[in-house]
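Since the structure comes first, as structure tokens, the remarks are kept for the end.
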Amino acid sequence: MYVIVEIQGQQFKVESGKKLFVHRLAAEQGAAVEFDKVLLVDNDGEVKVGAPVVEGAKVVGEVLSHVKGDKVIIFKKKRRKGYRKRNGHRQAFTEVLVKEIVA
């Protein structure tokens, strides 16, 4: 069984017992989180598509940790002008363990 859930504007394919990395959530480590915007439910071939969401379906998870992603380098250059800018950042993520899917 899997579901497609929308978390902070991004869609994720979620299965029970799997870990996923979402953009930083405002939740403490070890806290339980629920995601209600379930767009699709696939229960062994029986597919329910929401319009826009599936009623009564939700995903329950637990926050494992807050981590930073890999460094992303931004490099801007204009040729023959002597202009070069180098910048970078590391995105903040939250690691979530999916406990159960209620559908």
Side-chain angles (χ1 to χ4, degrees):
M1 174 180 194
Y2 73 89
V3 298
I4 304 294
V5 64
E6 183 177 329
I7 303 170
Q8 293 185 343
Q10 291 185 323
Q11 296 177 6
F12 295 93
K13 179 180 176 182
V14 174
E15 296 180 32
S16 185
K18 298 281 182 161
K19 295 179 189 174
L20 63 133
F21 291 92
V22 299
H23 287 291
R24 179 67 62 101
L25 297 174
E28 295 294 323
Q29 186 171 349
V33 290
E34 290 185 359
F35 305 110
D36 297 332
K37 293 184 101 177
V38 176
L39 306 175
L40 180 136
V41 177
D42 183 0
N43 192 359
D44 298 327
E46 179 185 335
V47 178
K48 283 191 261 179
V49 179
V53 295
V54 178
E55 295 297 324
K58 66 180 179 178
V59 175
V60 179
E62 178 187 355
V63 174
L64 293 180
S65 64
H66 297 291
V67 296
K68 284 187 175 182
D70 294 335
K71 181 170 270 203
V72 178
I73 302 295
I74 294 97
F75 186 75
K76 298 178 182 180
K77 179 180 178 179
K78 294 185 180 176
R79 64 184 194 158
R80 297 187 301 267
K81 306 296 181 200
Y83 173 78
R84 295 192 310 175
K85 285 287 183 190
R86 183 180 178 274
N87 202 346
H89 74 281
R90 292 180 67 185
Q91 189 72 35
F93 291 108
T94 299
E95 185 178 11
V96 177
L97 174 66
V98 178
K99 292 284 191 179
E100 66 174 325
I101 297 171
V102 179

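Heavy atoms only: backbone and side chains are in, while hydrogens, waters and symmetry mates are out. Along the sequence shown, the residues carry numbers beginning at 1. Small disclaimer: the values here were computed from a predicted structure and weren't measured.
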Is there a side-chain contact between Ile74 and Lys85, using heavy atoms and a 4.5 Å cut-off? no

Is there a side-chain contact between Val59 and Ile7, using heavy atoms and a 4.5 Å cut-off? no

With the 4.5 Å side-chain cut-off for hydrophobic clustering, are [X] and [Y] part of the same group?
| X | Y | value |
| --- | --- | --- |
| Val60 | Leu25 | no |
| Val47 | Val3 | no |
| Val14 | Val63 | yes |

Keeping the roles fixed (side chain from Thr94, backbone from His66), state whether a donor-acceptor pair exists under 3.5 Å. no

Check: Glu95 side chain, Phe21 main-chain N or O, donor-acceptor pair, under 3.5 Å: no

Can you tell me how far the [atom1] atom of [X] sits from the [atom2] atom of [Y], to the nearest 0.5 Å?
| X | Y | atom1 | atom2 | value |
| --- | --- | --- | --- | --- |
| Glu34 | Glu100 | CD | CD | 8.5 Å |
| Glu6 | Leu40 | CD | CG | 13.0 Å |
| Leu20 | Lys13 | CG | NZ | 13.0 Å |
| Lys18 | Lys99 | NZ | NZ | 16.0 Å |
| Lys48 | Glu46 | NZ | CD | 6.0 Å |
| Asp42 | Met1 | CG | CE | 8.5 Å |

Parallel, tilted or perpendicular: which one describes the rings of His23 and Phe93, with boundaries at 30° and 60°? parallel

Heavy atoms only: give me the nearest Gly17-Leu97 pair and the separation to one decimal. O-CD1, 3.7 Å

Ala27 and Val33 have their tightest heavy-atom pair at CB-CG1, 4.1 Å

Evaluate the criterion side-chain contact (heavy atoms from CB on, under 4.5 Å) for residue pair Val54 and Leu39; output intermediate values, then yes/no. CA-CA 6 Å; Val54 178; Leu39 306 175; over 6 Å; no

Taking it one step at a time, do Ile73 and Arg86 satisfy side-chain contact (heavy atoms from CB on, under 4.5 Å)? CA-CA 7 Å; Ile73 302 295; Arg86 183 180 178 274; 3.7 Å; yes

Partner of Lys58 under side-chain contact (heavy atoms from CB on, under 4.5 Å), chosen from Asp36, Val5, Ile101, Val53: Asp36

